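Just so you know, these numbers use all the heavy atoms, side chains as well, and skip hydrogens, waters and symmetry mates. Note that this is a predicted model, so its numbers are computed, not measured. We number each residue from 1, following the sequence as shown.
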Amino acid sequence: MEHYKVYDYINNVISLADKPEDFNKCNFAILCEKYPIQTNRNNYLAKVIYISLQSENSTWRIYPDKIKEFEIEHIILSTNSRRRLNYKTGEFFVNGSNETQQYKENEFYNYSFELASNKTKKLINQLREKYNLTTPELFIGQHQELVLE
């Protein structure tokens, strides 16, 4: 299983649509699980639990069962001075547009992070129940006292 950055991830998701041409110009929202994993200084690996693509003519929502079936469960996200994540981040959305941007011959899509609101967290809990998703927890080991013998 290969993990993609946002540009390739969105292009891959669009290619899976019944009518990919409907999403030539679209906005996307990707709901990611809490506690993304830092893979290097500016990149995080996040688990995807919901995707929405919206164009002028069509909206496509992809739920956890299809995400697993399509093998698009993880995405690599880059941080910068305007986009911040850390290993304690709660559920969050990656919101953007597939309007191609270019920097030094590299193409990319603009996107931003939005933390889930309290109202959305209730819906996320319902989504977890419906699709039997477990809530991730950070592991904290048990402290043992230092003993000098």
Side-chain angles (χ1 to χ4, degrees), residues 1-140:
M1 176 177 2
E2 191 169 345
H3 306 300
Y4 297 108
K5 288 190 172 189
V6 174
Y7 179 83
D8 294 321
Y9 186 89
I10 291 299
N11 289 336
N12 184 30
V13 170
I14 290 171
S15 74
L16 298 170
D18 291 335
K19 294 182 181 179
E21 62 277 3
D22 286 353
F23 300 102
N24 286 338
K25 284 193 173 188
C26 70
N27 291 318
F28 58 85
I30 303 167
L31 176 60
C32 295
E33 188 65 90
K34 60 171 98 176
Y35 311 135
I37 299 167
Q38 189 169 11
T39 58
N40 65 33
R41 184 174 160 211
N42 292 324
N43 289 334
Y44 286 81
L45 179 67
K47 182 174 181 181
V48 176
I49 56 177
Y50 172 81
I51 304 167
S52 177
L53 299 177
Q54 187 175 34
S55 66
E56 287 184 17
N57 304 323
S58 182
T59 300
W60 186 32
R61 294 178 181 93
I62 309 171
Y63 295 95
D65 56 343
K66 287 292 185 186
I67 290 171
K68 188 170 184 126
E69 180 184 318
F70 291 148
E71 296 182 354
I72 52 175
E73 295 175 280
H74 293 90
I75 186 170
I76 297 174
L77 303 169
S78 298
T79 60
N80 61 27
S81 60
R82 293 175 303 282
R83 293 191 307 248
R84 291 277 178 214
L85 288 177
N86 67 46
Y87 70 93
K88 294 180 183 177
T89 301
E91 294 92 351
F92 62 97
F93 286 92
V94 178
N95 300 321
S97 163
N98 74 337
E99 184 178 328
T100 303
Q101 307 291 315
Q102 198 159 6
Y103 176 74
K104 293 185 180 179
E105 299 179 16
N106 295 314
E107 293 184 339
F108 66 95
Y109 296 145
N110 280 328
Y111 61 94
S112 63
F113 301 140
E114 174 191 5
L115 292 177
S117 66
N118 286 335
K119 180 181 175 185
T120 303
K121 286 181 182 181
K122 291 176 185 173
L123 293 171
I124 292 170
N125 288 335
Q126 292 173 356
L127 181 76
R128 286 186 206 288
E129 288 175 17
K130 182 174 181 178
Y131 291 97
N132 296 321
L133 301 175
T134 58
T135 304
E137 293 183 23
L138 289 177
F139 174 79
I140 299 173

List the residues meeting side chain to side chain contact (heavy atoms under 4.5 Å, CB included) with Thr135, not counting sequence neighbours, and say none if there are none. Lys34, Arg128
Where is the tightest heavy-atom contact between Ile124 and Glu91, given as atom of each residue plus distance? CD1-CB, 3.8 Å
Does Glu56 have more than 12 heavy atoms from other residues, nucleotides or ligands lying within 6.0 Å of its CD? no
Return all side-chain donor-acceptor pairs below 3.5 angstrom for residues 35-51, not counting sequence neighbours, or 'none' if the list is empty.
unit_1	atom_1	unit_2	atom_2	d
Gln38	NE2	Asn40	O	3.2
Gln38	NE2	Arg41	O	3.2
Thr39	OG1	Asn43	O	3.2
Asn40	OD1	Asn42	N	3.2
Asn40	OD1	Asn43	N	3.1
Asn43	OD1	Ser78	OG	2.9
Tyr44	OH	Leu85	O	3.1
Tyr50	OH	Arg61	NE	3.4

Assess whether side-chain contact (heavy atoms from CB on, under 4.5 Å) is satisfied between Lys5 and Phe108, documenting all intermediate values. CA-CA 9 Å; Lys5 288 190 172 189; Phe108 66 95; over 6 Å; no
Drop me the distance from Ile75's CD1 to Tyr111's OH, to the nearest 0.5 angstrom. 7.5 Å
Out of Asp8, Ile76, Ile72, which residue meets the side chain to side chain contact (heavy atoms under 4.5 Å, CB included) rule with His3? Ile76
dist Thr79:OG1 -> Arg84:CZ (nearest 0.5 Å) comes out at 6.0 Å
Any chance you could measure Lys130, atom NZ, to Leu123, atom CG, to the nearest 0.5 Å? 12.0 Å
Output for pair (Asn95 CG, Asn110 CG), nearest 0.5 Å, gives 12.5 Å
Might you confirm whether atom OH of Tyr87 has over 12 heavy atoms from other residues, nucleotides or ligands at distances under 6.0 Å? no
Closest non-hydrogen atom pair between Ser112 and Arg83, with its separation: CA-CD, 4.1 Å
So Glu107 and Gln101, side-chain contact (heavy atoms from CB on, under 4.5 Å) or not? Walk me through it. CA-CA 6 Å; Glu107 293 184 339; Gln101 307 291 315; over 6 Å; no
Residue pairs passing the side chain to side chain donor-acceptor pair (under 3.5 Å) test where at least one lies in residues 115-127, sequence neighbours excluded: Ser117-Thr120
With sequence neighbours left out, the residues meeting side chain to side chain contact (heavy atoms under 4.5 Å, CB included) with Lys66 are Ile62, Glu69, Phe70
Those residues that, when tested against Gln54, pass side chain to side chain contact (heavy atoms under 4.5 Å, CB included) (two or more places apart): Thr59
CA sep, side-chain torsions, deciding dist, call: Asn11, Tyr4, side chain to side chain donor-acceptor pair (under 3.5 Å): CA-CA 10 Å; Asn11 289 336; Tyr4 297 108; over 6 Å; no
Under 3.5 Å donor-acceptor pairs involving side-chain atoms of residues 15-32, not counting sequence neighbours:
unit_1	atom_1	unit_2	atom_2	d
Ser15	OG	Asn12	O	2.6
Asn24	ND2	Glu21	O	3.3

Return the CG to OH distance between Asn98 and Tyr109, rounded to the nearest 0.5 Å. 4.5 Å
For the CG atom of Leu77 and the OH atom of Tyr9, what is their distance to the nearest 0.5 Å? 9.5 Å
